[in-house]
Amino acid sequence: VQLQASGGGLVQPGDSLTLTCAASGRTFTNWKMGWFRQAPGKEREFVAAITWNLATTYYADSVKGRFTISRIHHLQNGARNTVTLQMNDLKPEDTADYYCAAARAGTASSQSSYGFWGQGTLVTVSS
């Protein structure tokens, strides 16, 4: 399984940004895909997750109503799928490295459920 996150950058408070995670290497039927983040000097925390089959979504309280996670199955290129994190009304406290991850099973919000991780993409929210 390969996960490649992209889309980070420097934005101002109130701006929007979309992160993308390209997932490849297998089919993800029955898997969960998640986004986590780690701010400087803090532990990594859960942001959002989605189940591949039913697209059931989960969000941390801090991002509910502002972030939206979705997944796209590329039928024409079934080996590569995409999970996006649309982030609106960004706040300085959203500044962090964002990581995408994949889990076969387990609790969506628990890091220990995820056995595969991509590299981080940095989001900086500053005026």
Side-chain angles (χ1 to χ4, degrees):
V1 173
Q2 292 82 45
L3 303 172
Q4 185 170 3
S6 61
L10 172 63
V11 296
Q12 295 185 340
D15 283 354
S16 298
L17 199 63
T18 300
L19 304 183
T20 298
C21 178
S24 61
R26 62 158 295 131
T27 56
F28 293 95
T29 305
N30 296 323
W31 285 49
K32 295 181 180 70
M33 309 296 289
W35 285 97
F36 291 79
R37 66 186 182 186
Q38 186 167 20
K42 295 187 177 181
E43 294 186 352
R44 190 161 56 186
E45 64 177 6
F46 170 73
V47 176
I50 187 168
T51 61
W52 197 263
N53 286 11
L54 298 180
T56 303
T57 56
Y58 307 83
Y59 296 96
D61 287 343
S62 59
V63 306
K64 276 181 183 176
R66 299 188 298 123
F67 291 12
T68 302
I69 187 171
S70 61
R71 56 94 176 102
I72 301 173
H73 176 59
H74 295 281
L75 296 177
Q76 292 183 339
N77 184 6
R80 194 169 186 89
N81 302 279
T82 302
V83 180
T84 62
L85 185 68
Q86 173 67 42
M87 305 184 294
N88 298 326
D89 188 24
L90 283 161
K91 306 177 186 299
E93 52 264 40
D94 295 318
T95 295
D97 277 308
Y98 283 72
Y99 299 85
C100 62
R104 286 191 177 94
T107 303
S109 60
S110 174
Q111 293 186 51
S112 62
S113 299
Y114 294 82
F116 301 92
W117 293 81
Q119 86 292 353
T121 185
L122 179 62
V123 174
T124 303
V125 185
S126 176
S127 55

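- With sequence neighbours left out, K42 forms a salt bridge (Lys or Arg N to Asp or Glu O under 4.0 Å) with no residue at all.
- Side-chain N or O atoms of T95 include one that pairs as donor or acceptor with a backbone N or O of V125 at under 3.5 Å.
- The closest donor-acceptor contact from the side chain of N53 to the backbone of T29 lies at 3.5 Å or more, if one exists at all.
- Side-chain N or O atoms of Y59 include none that pairs as donor or acceptor with a backbone N or O of G65 at under 3.5 Å.
- Every residue two or more places apart in sequence or in another chain that forms a side-chain hydrogen bond (donor to acceptor under 3.5 Å, both in side chains) with N88 is listed here: S16, Q86.
- A salt bridge links K64 with D61: the distance from a Lys NZ or Arg NE/NH1/NH2 to an Asp or Glu carboxylate oxygen falls below 4.0 Å.
- Side chain of K32 to main chain of G106: a donor-acceptor pair is present (N/O by atom type, distance under 3.5 Å, no hydrogens or angles).
- Side chains of R66 and D94 form a contact here, defined as non-hydrogen atoms less than 4.5 Å apart.
- Applying the salt bridge (Lys or Arg N to Asp or Glu O under 4.0 Å) criterion to D97, with sequence neighbours excluded, gives no partner residue.
- Every side chain to side chain contact (heavy atoms under 4.5 Å, CB included) that S113 has, sequence neighbours left out, goes to A103, T107, S110.
- With sequence neighbours left out, R104 forms a side chain to side chain contact (heavy atoms under 4.5 Å, CB included) with W31, F116.
- Cluster note: F36 groups with F46, Y58, Y99, Y114, W117 through ILVMFWY side-chain heavy atoms spaced under 4.5 Å, whether in direct contact or through intervening members.
- With Q4 contributing its side chain and G118 its backbone, the two residues share no donor-acceptor pair below 3.5 Å.
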